[in-house]
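The structure appears right after this line, and notes come after that.
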Amino acid sequence: LGFSLKEISSLIDAPNIVVKEALEKQVEKLKNERTEKDKLIEKANQMIAALVNEIIINDMHYFTKDEICETIGLHDGVNGFLFNKGKAAKLLEENPYISKVEISFILPDKMTVSVTENKICGYIKYLGSYLYIDRYGNVIDIKSETAESLPIIEGLKFDSFTIGSEIPVTNTDSFDAALSVSNSMSKYGVLNDAVNINVSDTDNIYAYIRGIRVLLGLNTRMDEKIKTMAEAVKEIPEGDKGTLDLSDLNKPIIFKYAT
């Protein structure tokens, strides 16, 4: 029953009542030890059952699933309960290309990671480089060249910027127009060709695409104008140059060839 030699020697000549009490205490001690062992075994089994065996991450534009896992130290075999999901999400959200992360552990062995990215919608030339901006006008990155076919915005006035923050432009109307045009271009697939947008004069916004000057006029009905531009440009033969006037959609659409 787990008595030591000293305890056995003391019990040999002891009265029955003393022996009984000693035995009862020892039995209770063994029961408690067994209960603790059972709890430890149960906890160990739970930890084994919680080992991640499947990792599900949504498709992303700027990151691979392996890059996400490496950044936060997520891999098969980690404990789904003990993995610090909040800390991992905050770590990923420090990247300006990521706006939101949700991480969940689903019993028995599945970890899901949902990443919402800050999609780049255009570029702004700045001292020989390009500022990458998202649809809210926040600067996501700065590089010496563009990475993909997105509109290059001209005509904004500012003296400084901070990665992860909105550009502090002085001509805010032009800034609003730039975001309106670039977001609409992303929506209607105009970006197979290089596009330059000039918003310096918000009464006479215009774009250049494939050698065609597209007059967009005021920052009104911009979604319709960009949709019309996307359809009209497809009908103009490759290499033809001229001016497409979309400044007033109530008037007939005219393409004037360059002379």
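Below, all heavy atoms of this structure are taken into account, side chains as well, without hydrogens, waters or symmetry copies.
- Residues passing the side-chain contact (heavy atoms from CB on, under 4.5 Å) test with Ser114, sequence neighbours excluded: Asn58, Glu102.
- Contact check for Tyr130 versus Ile142: no side-chain heavy atoms found under the 4.5 Å cut-off.
- Pro237 is linked by a side-chain contact (heavy atoms from CB on, under 4.5 Å) to Asp240, Tyr257, counting only residues two or more places apart in sequence or in another chain.
- Note on Glu224 versus Lys227: no salt bridge recorded, every NZ/NE/NH1/NH2 to OD/OE distance being 4.0 Å or above.
- For the pairing with Arg221, the side chain to side chain contact (heavy atoms under 4.5 Å, CB included) check across Leu216, Asn250, Thr228 returns one residue only, Asn250.
- Applying the salt bridge (charged side-chain N to carboxylate O under 4.0 Å, His left out) criterion to Lys157, with sequence neighbours excluded, gives no partner residue.
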Atom pairs and distances, donor-acceptor, side-chain atoms in residues 87-98, under 3.5 Å, two or more places apart:
| residue | atom | partner | partner atom | Å |
| --- | --- | --- | --- | --- |
| Glu93 | OE2 | Val101 | N | 2.9 |
| Asn95 | OD1 | Tyr97 | N | 2.9 |
| Tyr97 | OH | Asp141 | OD2 | 2.7 |

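- Nearest approach of Asp109 to Leu51, heavy atoms of both residues: CB-O, 3.4 Å.
- By the salt bridge (charged side-chain N to carboxylate O under 4.0 Å, His left out) test, Arg210 is found to be paired with Glu238, residues two or more places apart in sequence or in another chain being considered.
- By the neighbour-count criterion of 12 heavy atoms within 6.0 Å, atom CD of Glu70 is sparsely surrounded, having that number or fewer from other residues, nucleotides or ligands.
- Listed here is the closest heavy atom pair of Ile120 and Tyr62: N-OH, 2.8 Å.
- Atom-to-atom distance recorded for Leu244:CG and Lys225:NZ is 12.0 Å, nearest 0.5 angstrom.
- Within the model, atoms CG of Asn79 and CE of Met111 stand 8.0 Å from one another, a figure rounded to the nearest 0.5 Å.
- Closest heavy-atom contact between Ile197 and Pro151: CD1-CB, 3.4 Å.
- Taking Asp223 as the reference, Lys187 meet the salt bridge (charged side-chain N to carboxylate O under 4.0 Å, His left out) condition, with sequence neighbours excluded.
- The side-chain contact (heavy atoms from CB on, under 4.5 Å) test applied to Ser180 returns Asn219, Met222, not counting sequence neighbours.
- Among residues at least two apart or in separate chains, there is no salt bridge (charged side-chain N to carboxylate O under 4.0 Å, His left out) pair with a member in residues 158-172.
- The minimum heavy-atom distance linking His61 with Glu117 is given by the pair N-OE1, 2.6 Å.
- Side-chain contact check for Asp66 and Thr64: no donor-acceptor pair (N or O, by modelled atom type) lies under 3.5 Å.
- Going from atom OG of Ser129 over to atom NZ of Lys143 covers 11.5 Å, rounded to the nearest 0.5 Å.
- A distance of 6.0 Å or more separates the ring centres of Phe83 and Phe105.
- Atom CD1 of Ile103 sits about 7.0 Å away from atom CG of Leu74, to the nearest 0.5 Å.
- Criterion: ILVMFWY side-chain heavy atoms under 4.5 Å apart, direct or through other members. Under it, Ile253 and Met185 are part of a common hydrophobic cluster.
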- Under the side chain to side chain contact (heavy atoms under 4.5 Å, CB included) rule, what do Phe255 and Ile236 come out as? Steps first, then yes or no, please. CA-CA 9 Å; Phe255 177 68; Ile236 299 173; 3.7 Å; yes

- Working for side chain to side chain contact (heavy atoms under 4.5 Å, CB included), residues Met60 and Glu67: CA-CA 11 Å; Met60 294 162 288; Glu67 287 172 336; over 6 Å; no

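- Taking hydrophobic clusters as Ile, Leu, Val, Met, Phe, Trp and Tyr residues chained together by side-chain heavy-atom distances below 4.5 Å, Ile124 shares a cluster with Ile163.
- In this structure, Asn198 and Ile205 have side chains that are not in contact, with every pair of non-hydrogen atoms separated by 4.5 Å or more.
- For Asp203, the side-chain contact (heavy atoms from CB on, under 4.5 Å) partners two or more places apart in sequence, or in a different chain, are Asp201, Leu218.
- Between the Lys65 side chain and the Ile57 main chain, a donor and an acceptor come within less than 3.5 Å of each other.
- Using a distance-only test at 3.5 Å, with no hydrogens or angles considered, a donor-acceptor pair links the side chain of Tyr123 to the main chain of Ala147.
- Within the 4.5 Å cutoff, no side-chain heavy atoms of Glu154 are placed close to those of Val199.
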- Report the C-alpha separation of Thr202 and Asp176 in whole Å, then their side-chain angles, then the decisive distance to 0.1 Å, and conclude whether the side chain to side chain contact (heavy atoms under 4.5 Å, CB included) test is met. CA-CA 9 Å; Thr202 52; Asp176 292 341; over 6 Å; no

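- The other members of the hydrophobic cluster of Leu215, by chain and number, are Tyr206, Tyr208 (side-chain heavy atoms under 4.5 Å, ILVMFWY only).
- Annotation: ring-ring contact (aromatic ring centres under 6.0 Å, His included) contacts of Phe175 (sequence neighbours excluded): none.
- Cluster membership for Phe81 and Ile106, using ILVMFWY side-chain heavy atoms within less than 4.5 angstrom, is not shared.
- Looking only at side-chain heavy atoms (C-beta outward), Cys69 and Ile55 come within less than 4.5 Å of each other.
- Of the inter-residue distances, the one linking Asp134 atom CG with Leu179 atom CG reads 8.5 Å to the nearest 0.5 angstrom.
- Minimum heavy-atom separation, Ala207 to Val195: CB-CG1, 4.4 Å.
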- Query: After noting the C-alpha distance and the side-chain angles of Val113 and Ile56, does the key distance pass the side chain to side chain contact (heavy atoms under 4.5 Å, CB included) rule?
  - Reply: CA-CA 6 Å; Val113 182; Ile56 299 176; over 6 Å; no

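- Across Asp245 and Ser247, no two heavy atoms sit closer than the pair OD1-OG, 2.7 Å.
- One finds the CD1 atom of Ile133 at 12.0 Å from the CG atom of Asn118 (value rounded to the nearest 0.5 Å).
- Every residue two or more places apart in sequence or in another chain that forms a ring-ring contact (aromatic ring centres under 6.0 Å, His included) with Phe158 is listed here: Tyr126.
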